[in-house]
Protein chains: 2
Amino acid sequence: MRPDRRLSRMLHVLIHLDRHGGRLTSDDIAQMLGTNPVVVRRSMAGLRERGYVESVKGHGGGWALTRPLSDITLLDVYMALGEPGLFALATSQDNPRCLVERAVTDRLDETLDQARELLLGRFAEITVAEVAGDFEHRFAALDDDERCASDAG
Amino acid sequence: MRPDRRLSRMLHVLIHLDRHGGRLTSDDIAQMLGTNPVVVRRSMAGLRERGYVESVKGHGGGWALTRPLSDITLLDVYMALGEPGLFALATSQDNPRCLVERAVTDRLDETLDQARELLLGRFAEITVAEVAGDFEHRFAALDDDERCASDAG
DNA sequence: TCCTCACGTAAGCGTGTTTGTTACGTGATA
DNA sequence: TATCACGTAACAAACACGCTTACGTGAGGA
């Protein structure tokens, strides 16, 4: 199955919006992500509905943050994307009458639920500002040449 | 993305093989799973290569266990399937030069790795015999009518 | 010997989800 | 009024599992 990369991409965008300060158009963002402005608008619609960003039409329009990154957790972004399925694994329901199958699915679902709980719990603990801090720390550690060579200066 | 149900199905099959005692043909198993014998052979090839089951051609042929369920963990079955990807989520590599993206992907990958470690660790702790025990326990708790109505008697 | 059974494998299509693309509409600004 | 930029619908591409068909091989029985 093709993996969902929207969470990764949206975090990337939020941090760039913060660093940029002003507005970025869907086209700007699409170029950063190597994709299409329509994909950007589609992915960011949920973030707008939840009030993390706003979009403005017309000249000088584009996308901007409406609150600090420290107020947005990875879980917030994940939920703004519609809480897509986390696992590429699922239990089968080929014959719900079969008690063997039910024992298997119950045991597997229980284990998957534990992993899901851990994952979403971690997402809830991490703010986007923290990830931005990871970047700042790395960027500060570079010497001047490396800073010029990187795309995030 | 379409989830992978092979792990669930293979556990189901292994427990039925154990309860049945003798051999089951790919056709028998396909009917249990509501699928096609070719799908069964393909999924079970890895289990055979690892020595958990054997297959015999010709009259009276089919599939049988080659070791007790207590010697097979969920992790063993997962690995026999070729260790398919666990998550429907992945990090993006749209622009590896971008330090922001790298900070995001590193943080996300780290979190996903934690969840993966938990999940595979749990898989390693659970034997197929344990899941079969779950079934036996439930089956013993049924009264006669319910046993007849279930498909696992 | 010949037939049937059952597995082994290759090849192609179906399907669902994200992603990519085109097209058209709407509102805001110069 | 022209242009910019978002909003949305519609459709194609890519990808992996699942399904189906087809053909080959080895084992056993008539």
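First the proteins, then the strands, lettered A, B, ... as listed; each starts at 1.
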Student: Could a donor-acceptor pair under 3.5 angstrom be found where the side chain of B:Arg6 meets the base of D:dG18?
Tutor: no
Student: Under 4.0 Å between any heavy atoms, over every strand shown, what does A:Gly85 touch: base, sugar-phosphate, or nothing? Just pick one.
Tutor: nothing
Student: For the pair A:Arg67 and A:Asp76, find out whether any cationic side-chain nitrogen is under 4.0 Å from an anionic carboxylate oxygen.
Tutor: no
Student: Under a 3.5 Å cutoff, is there a donor and acceptor pairing between the side chains of B:Thr111 and A:Arg122?
Tutor: no
Student: Between D:dA10 atom P and A:Asn36 atom CG, what is the distance in whole Å?
Tutor: 18 Å
Student: Which sits closer to the 5' end of DNA chain C, B:His59 or A:Arg5, going by the nucleotide each is nearest to?
Tutor: B:His59
Student: If you compare every side-chain N and O of B:Ser55 against the phosphate oxygens of C:dA6 (OP1, OP2), does one of them come in below 4.0 Å?
Tutor: no
Student: How is A:Val56 classified with respect to the nucleic acid when contacts are heavy atoms under 4.0 Å: base, sugar-phosphate, or nothing?
Tutor: sugar-phosphate
Student: Of the nucleotides D:dC6, C:dT21, D:dC19, which has the atom closest to the A:Trp63 side chain?
Tutor: D:dC6
Student: From CD of B:Glu54 over to C1' of C:dC7, roughly how many Å is that when rounded to an integer?
Tutor: 13 Å
Student: Measure from CZ on A:Phe87 to P on C:dT17 and round the result to the nearest Å.
Tutor: 18 Å
Student: At 4.0 Å (heavy atoms only), tell me whether B:Arg23 reaches a base, stays on the sugar-phosphate, or touches nothing.
Tutor: nothing
Student: For A:Met44 and D:dC6, what is the distance between atoms CE and P respectively, to the nearest whole Å?
Tutor: 10 Å
Student: Do B:Arg9 and A:Ser92 pair up side chain to side chain, a donor and an acceptor below 3.5 Å, judged on atom types alone?
Tutor: no
Student: Starting at CG of B:Asp27 and ending at P of C:dC7, how long is that distance when rounded to a whole Å?
Tutor: 7 Å
Student: Output the rounded distance in Å from CE (B:Met10) to C1' (D:dG18).
Tutor: 12 Å
Student: Tell me which of A:Lys57 and A:Gly34 sits closer to the 5' end of DNA chain C, going by the nucleotide each one is nearest to.
Tutor: A:Gly34
Student: Surrounding CZ of B:Arg23 (heavy atoms of other residues, nucleotides or ligands, distance under 6.0 Å), is the total greater than 12?
Tutor: yes
Student: Just how far, in rounded Å, is P of C:dT9 from CZ of B:Arg41?
Tutor: 11 Å
Student: Under a 3.5 Å cutoff, is there a donor and acceptor pairing between the side chains of A:Thr91 and A:Thr105?
Tutor: no
Student: Please tell me if B:Thr35 has a side-chain N or O lying less than 4.0 Å from either OP1 or OP2 of D:dG18.
Tutor: no
Student: So what does B:Arg48 hit on the nucleic acid, given a heavy-atom distance under 4.0 Å: a base, only sugar-phosphate, or nothing?
Tutor: sugar-phosphate
Student: Please state whether the phosphate of C:dA6, meaning OP1 or OP2, lies under 4.0 angstrom from any side-chain nitrogen or oxygen of B:Thr25.
Tutor: no
Student: Nearest-Å distance, CG (B:Asp94) to P (C:dT18)?
Tutor: 17 Å
Student: Describe the nucleic acid contact of A:Arg42 in one word from base, sugar-phosphate, nothing, applying a heavy-atom distance below 4.0 Å.
Tutor: base
